[in-house]
A.B. asks: 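The structure under discussion is supplied below as structure tokens; questions concerning it will follow.
Numbers for residues simply follow the sequence, beginning at 1.
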Amino acid sequence: MSDIPRSKQVRVVHREALDRNTTQTPGLIREVAFDARNPDAAHLSAFLSTVKPGAATGAHHHGEQETVLYVISGTARYRWEDRLENVAEAGRGDFVFVPAHVIHQEINASAEYETVWTVVRSGVDPIVVNLPELDEYIEAPAVEYTVPE
């Protein structure tokens, strides 16, 4: 028996145990592995994002949180800055870093296939600051989705 407290043990969250009970965005499905609801997570949150074909978020940022994404499949397009004037694409096996407070938009570059990425943020609370006043600068989604009820 270990005298290490349970909260300090290695924990595995299996795919079927990921939790969709978190803030969702039209066209994106967030499935949480670790966040503030999990006593094991003190400084980081982690989740899986499945981005439907042709989906695009609105302009937003994540406050003080830094974000690292790892693309598992598909091609993700990222736009950023005050008017989303910069653009980069990331494909399978690529990492993406989004600094704190950086305004950005995430787009599935394919209208045919899902894009899947993992996300790790430097905080346990799901901070999303949506900026609808920047809608004139976003890349419109190729396919419109609504958040599931």
A.B. asks: Would you say Y70 and F97 are hydrophobically clustered, going by side-chain heavy atoms of ILVMFWY under 4.5 Å?
C.D. replies: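 Y70 and F97: one cluster.
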A.B. asks: Counting only heavy atoms not in Y78 (residues, nucleotides, ligands), do more than 12 fall under 6.0 Å from its OH?
C.D. replies: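 Enclosed.
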A.B. asks: Answer yes when D35 and R121 have at least one side-chain N-carboxylate O distance shorter than 4.0 Å, and no when they do not.
C.D. replies: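 Here D35 does not pair with R121 in a salt bridge, since their nearest N and O are not under 4.0 Å apart.
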A.B. asks: Give the minimum heavy-atom separation between A76 and W117, together with the two atoms involved.
C.D. replies: CB-CZ3, 3.3 Å
A.B. asks: Grab the two heavy atoms, one from R92 and one from I72, that are nearest each other, plus how far apart they are.
C.D. replies: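 Where R92 meets I72 most closely, the heavy atoms are CG-O, 3.2 Å.
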A.B. asks: Just checking, is any N or O donor in the side chain of H61 or H104 under 3.5 Å from an acceptor N or O on the other one?
C.D. replies: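 The criterion, which ignores hydrogens and geometry beyond distance, is not satisfied for H104 and H61.
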A.B. asks: With clusters defined by side-chain heavy atoms of hydrophobic residues (ILVMFWY) lying less than 4.5 Å apart, directly or transitively, does F47 cluster with L44?
C.D. replies: no
A.B. asks: A side-chain contact here means heavy atoms from C-beta on lying under 4.5 Å apart; do V51 and V116 qualify?
C.D. replies: no
A.B. asks: Hydrophobic clustering (ILVMFWY, side-chain heavy atoms < 4.5 Å, transitive) - are L84 and V98 grouped together?
C.D. replies: no
A.B. asks: Tell me, do E112 and P53 make a side-chain contact under 4.5 Å, heavy atoms counted?
C.D. replies: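 Not in contact.
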A.B. asks: Taking the side chain as C-beta and beyond, is there a heavy-atom pair between R11 and F34 under 4.5 Å?
C.D. replies: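 They are in contact (side-chain heavy atoms under 4.5 Å apart), so the answer is yes.
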A.B. asks: When you check the gap from the basic side-chain N to the acidic O, do E106 and R77 get nearer than 4.0 Å?
C.D. replies: no
A.B. asks: Between N130 and P132, is there a donor-acceptor pair closer than 3.5 Å when you use the side chain of the first and the backbone of the second?
C.D. replies: no
A.B. asks: Passes side chain to side chain contact (heavy atoms under 4.5 Å, CB included), E31 versus T22? Steps please.
C.D. replies: CA-CA 8 Å; E31 298 175 283; T22 189; over 6 Å; no
A.B. asks: Rounded to the nearest 0.5 Å, what separation is found between the CD1 atom of I127 and the OG atom of S122?
C.D. replies: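 So the CD1 of I127 and the OG of S122 are separated by 8.5 Å.
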A.B. asks: Report the distance from atom OG1 of T50 to atom NZ of K52, rounding to the nearest 0.5 Å.
C.D. replies: 9.5 Å
A.B. asks: Determine whether V129 and H60 make a side-chain contact, defined as any pair of heavy atoms from C-beta on separated by less than 4.5 Å.
C.D. replies: no
A.B. asks: With rounding to the nearest 0.5 Å, note down the distance linking OG1 in T115 to CG in L69.
C.D. replies: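 Answer for the OG1-CG pair, T115 versus L69, is 12.0 Å.
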A.B. asks: What about Y137 and W80, are their ring centers closer than 6.0 Å?
C.D. replies: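 For Y137 and W80, the ring centres are not under 6.0 Å apart.
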A.B. asks: Could you tell me whether R83 atom CZ has more than 12 heavy atoms of other residues or ligands within 6.0 Å of it?
C.D. replies: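 No, not enclosed.
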A.B. asks: Considering non-hydrogen atoms only, spot the tightest contact between S45 and G123 and give its length.
C.D. replies: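 Scanning both residues completely, I find the closest heavy atoms to be OG-O, 2.8 Å.
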A.B. asks: Without swapping roles, check the side chain of N108 against the backbone of Y113 for a donor-acceptor pair under 3.5 Å.
C.D. replies: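 Checked: pair present.
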A.B. asks: Working to the nearest 0.5 Å, report the span between CZ of R79 and CD of Q105.
C.D. replies: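 The CD atom of Q105 is 5.5 Å from CZ of R79, to the nearest 0.5 Å.
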A.B. asks: Tell me the closest heavy-atom pair linking V124 and A41, and the distance in Å.
C.D. replies: CG1-O, 3.5 Å
A.B. asks: Grouping I, L, V, M, F, W and Y whenever their side-chain heavy atoms are under 4.5 Å apart, do V102 and V96 come out in a common cluster?
C.D. replies: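 Per the 4.5 Å side-chain linkage, V102 and V96 are co-clustered.
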A.B. asks: Taking side chain as C-beta onward, heavy atoms only, is V119 less than 4.5 Å from V68?
C.D. replies: no
A.B. asks: Look up atom CD1 in I107 and atom CD in E139, then write down how far apart they are to the nearest 0.5 Å.
C.D. replies: 4.0 Å
A.B. asks: If you take all heavy atoms of V71 and G91, which pair is closest and at what distance?
C.D. replies: CB-O, 3.3 Å
A.B. asks: So which heavy atom on E81 is nearest to which on N86, and how close?
C.D. replies: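 Distance-wise, the nearest heavy atoms are CG-ND2, 2.8 Å.
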A.B. asks: Return the CD1 to CG distance between I29 and L18, rounded to the nearest 0.5 Å.
C.D. replies: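 The CD1 atom of I29 sits 12.0 Å away from the CG atom of L18.
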